[in-house]
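Below is one structure, written out as structure tokens; the observations come after it.
Below, chain A is the first sequence line, B the second, and so on; all start at residue 1.
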Amino acid sequence: MKKEKQIIGHGTWLDKVAYELVEREKKLGRSLDLIRTESGLGASGIPHIGSMADAIRAYGVTLALRELGYRSETIAFCDDMDGLRKVPLGFPEELKEYLLMPVSSIPDPFGCHKSYSDHMSGMLRDALDRAGVEYVFKSGRETYRSGVMRDAIHKILLNAKVVGKIIKDVTGQEKYLNMLPYFAVCKNCGRIYTTQSYRYDPEKNIVHYRCTGVEIRGNWINGCGYEGVADISRDDGKLAWKTEFAARWSTLDIRFEAYGKDIADSVKVNDIICREILMFEPPFHVKYELFLDKSGRKISKSAGNVFTPQEWYKYGVPESLLLLFFKRVTGTRTISYEIIPKIMDELDFLEDVYFNKVKIDNVMEREKLRGLYLYAHLLKPPEKPSTHIPYSLIVELSQVAPEDKREEFVISRIQRYGYKIDDKSLVKIKLALNYARDFGKIAREPVPLNDAEIKALRELILEIKNASSPTDIQNMIFNTARKHGIPPPEFFKKLYQILLSRDYGPRLGPYIWDIGLDKVVKIIGETIESSLRSKSC
RNA sequence: GGGCCCGUAGCUCAGUCAGGUAGAGCGGUGGGCUCUUAACCCAUUGGUCGGGGGUUCAAAUCCCCCCGGGCCCGCCA
């Protein structure tokens, strides 16, 4: 017996996740009035592409849930109670005095935000805003301060023994067998990771702690010795990560949270605590691979290979970044600037599929591609298709364009190739020009010339000065070459080497005309001189 | 010790998460356009889908085992 396959939503993994999530909730018998998805918002370093991916994917699931007819929203939970563990690369050394303090207590080293964490999370929020991602922002600090997490924290601390055992069983980490999974902010020195919490008073809901010190990366950092108490219904401290998710999930009623494989163990622990201690069935999860750089290393702040969303936006439209994250969720993603042109062109391809310019026979396949296009536009696709200029063509053209008028040159060439330039093409051209400027290979090497070539070039400069049209120049080159017994192809090649540092290029007549006769004469003249100099050596 | 990813054309990779005739770009070859290089256009070349077994009418795709490359966790968040 054959089962008819029904297309869920738009046929992407987001739709599948949304569907499975809803089925699970139905089985659990929970209310489906409002389904919350969550993403963490890092606040202790410059947000990279992976932090962005997490938030975008959570929002993608929210969109898919809405497509299935449910109300949904994405919570972006800002980890601003975390302590600063290290001064990020390139940041002012003065930050050292704030080490181990909550990032929300540290002033913004750049002076434009209320705090260090506001600055960092602000960068991510800007990137999300530019992409059109909507979310409900929750500051960790405010959440603790408001006291809404009190019940969850209370239960966890009350069951600290069991929690400690769960952590040990799953991860092998024994630390929480002897201390409470709660970090208090030291009321004396302001640091959060130097304190140890040793007793919980369930009547008063306070935690007793000592500022003893902590080992970070093999170095012991002394505490100030202060002893005090922290109120769990205030922002006096925070839960350790191995338990905080659980408290968040149950308090905020979160039904979906994705995570990278680096925190897989943490999530496993939190799931158990959530279910067994807090009696709340943990959210549906999706695990994704980390983003690696070209050499296969994890992208991280400390490795100094940060790739920020802002960087991406220099070369690609926000939709291309959304597409990258929505395309798939599994599999290693090596990420480097080189994929930007591909993704930009893929967006054009998907648009062709969406507007039926390209026929895809397989229904599933077609729906999935159309779905990807829809999600990449956050379900608000353009009404009509735009001009599709291959990204690489723009880059290519820009590399041979006269330096001082790249844009005009590129646009005029593209028009000559028959493309209609619209607003979107202009945006794309600007982005691709940035790409060419930053990643285009420009290697100027001395061009060796033989005597015949030098003679021919000298004559050419004299003639070119009086050229009256691009065609005129084209003919001059050809004639000069023949006159001096140089095969035209070779002569052309030399000229390309001189003018563009490569063996080929655009039709020379119009090109030289574009650059300007004076400039070309100057460049060729200099090349002849340097060639003569190297000969006399 | 625990877990994950990758292996597909000469090269770089897509396709795997919902099984349905193996793809793209670059390269190679031939041609077109050009008084003329390049670009461009057309055609063409090229793969035991790492290996073995299983499920299936049908497997690059799902399941198991193995080989090779790499990553994450076992500090902390």
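- Here A:K238 lies in heavy-atom contact (under 4.0 Å) with sugar-phosphate atoms only.
- A donor-acceptor contact under 3.5 Å links the side chain of A:K261 to the base of B:rC4.
- With a 6.0 Å radius and a threshold of 12 heavy atoms from other residues, nucleotides or ligands, A:F91 has its CZ atom above the threshold.
- Look at A:E244 and A:R248 and you find a salt bridge, because one of the NZ, NE, NH1 or NH2 atoms lies within 4.0 Å of a carboxylate O, short of that distance.
- Across all strands shown, A:I216 has no heavy atoms under 4.0 Å from either base or sugar-phosphate atoms.
- A salt bridge links A:K483 with A:E459: the closest approach of a Lys/Arg side-chain nitrogen to an acidic carboxylate oxygen falls below 4.0 angstrom.
- One atom, NZ of A:K175, and another, P of B:rA77, lie 5 Å apart when rounded to the nearest Å.
- A:I477 comes within contact range of no nucleotide atom at all, as no heavy-atom separation falls under 4.0 Å.
- Comparing A:L239 and A:E346 by the nucleotide of RNA chain B that holds the closest heavy atom to each, the one mapping nearer the 5' end is A:E346.
- When both distances must be under 3.5 Å, the Watson-Crick or G-U wobble mate of B:rU21 does not exist.
- For the pair A:R57 and A:F326, the NZ or CZ position fails the cation-pi test of under 6.0 Å to the six-membered ring centre and within 45 degrees of the ring normal.
- B:rU8 and B:rC65 are spaced 22 Å apart, taking the P atom of each and rounding to whole Å.
- Protein atom CG of A:L372 is 15 Å distant from nucleotide atom P of B:rA14, rounded to whole Å.
- Side-chain proximity of A:I8 to B:rA77, B:rA18, B:rA14: nearest is B:rA18.
- If you measure from atom CG of A:N270 to atom P of B:rC73, you get 17 Å, rounded to the nearest angstrom.
- For B:rG10, the paired base is B:rC26 (Watson-Crick or G-U wobble, both distances below 3.5 Å).
- Straight-line distance between the C1' atoms of B:rA38 and B:rG32: roughly 16 Å, to the nearest whole Å.
- For A:K287 against B:rC4, no side-chain N or O and base N or O form a donor-acceptor pair under 3.5 Å.
- Aromatic pair A:F183/A:Y193: ring centres closer than 6.0 Å.
- Here the C1' atom of nucleotide B:rC4 and the CG atom of A:D262 are 11 Å apart, to the nearest Å.
- Heavy-atom distances to RNA chain B give each of A:A240 and A:T171 a nearest nucleotide, and the one nearer the 5′ end belongs to A:T171.
- Residue A:K268 contributes atom NZ, which lies 11 Å from atom P of B:rG2 at whole-angstrom precision.
- Straight-line distance between the P atoms of B:rC4 and B:rA77: roughly 24 Å, to the nearest whole Å.
- Distance check on atom C1': B:rG15 versus B:rC6 gives 15 Å, rounded to whole Å.
- Rounded to the nearest Å, the gap between the P atom of B:rA60 and that of B:rC67 is 24 Å.
- With B:rC35, B:rA14, B:rC73 as the choices, the nucleotide that has an atom nearest any side-chain atom of A:D265 turns out to be B:rC73.
- Backbone-only engagement by A:Y176 is indicated by non-hydrogen atom pairs under 4.0 Å involving sugar-phosphate atoms exclusively.
- Closest to the side chain of A:R328, out of B:rC72, B:rA14, B:rA77, is B:rA14.
- Separating the P atom of B:rC13 from that of B:rU44 is a span of 28 Å, rounded to the nearest Å.
- Counting any heavy atom pair closer than 4.0 Å across all strands shown, A:N475 reaches a base atom.
- At a threshold of 4.0 angstrom between heavy atoms, the contacts of A:G11 include nucleobase atoms, whether or not backbone atoms are also involved.
- Using a 4.0 Å heavy-atom distance criterion, A:Y19 is classed as making no nucleic acid contact.
- If you check every strand for non-hydrogen atoms under 4.0 Å, A:Q474 touches a base.
- By the 6.0 Å and 45° rule, A:R24 does not stack over the aromatic ring of A:F284.
- Using a 4.5 Å heavy-atom cutoff, the side chains of A:M120 and A:S117 are not in contact.
- Taking atom CD on A:E365 and atom P on B:rG23, their separation rounds to 13 Å, with Å as the unit.
- Distances were taken from every side-chain heavy atom of A:I263 (C-beta onward) to each of B:rA77, B:rC72, B:rG15; the shortest belongs to B:rA77.
- For the pair A:F478 CZ and B:rA38 C1', the computed distance is 15 Å after rounding to whole Å.
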Evaluation steps, side chain to side chain donor-acceptor pair (under 3.5 Å), between A:Y288 and A:D54:
CA-CA 9 Å; A:Y288 51 82; A:D54 192 74; 2.6 Å; yes

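- Of all nucleotides present, only B:rG32 satisfies the Watson-Crick or G-U wobble test against B:rC40, with each distance under 3.5 Å.
- If you check every strand for non-hydrogen atoms under 4.0 Å, A:Y193 touches sugar and phosphate atoms only.
- Residue A:K368 places at least one side-chain N or O under 4.0 Å from the OP1 or OP2 atom of B:rU16.
- B:rG1 is paired with B:rC73 under the Watson-Crick or G-U wobble criterion, all donor-acceptor distances under 3.5 Å.
- Put simply, CE on A:M364 is 13 Å from P on B:rU16, counting in whole angstrom units.
- B:rU29 sits 11 Å from B:rG46 when the C1' atoms are compared, rounded to a whole Å.
- Comparing the C1' positions of B:rG25 and B:rG68 gives an interatomic distance of 27 Å, to the nearest angstrom.
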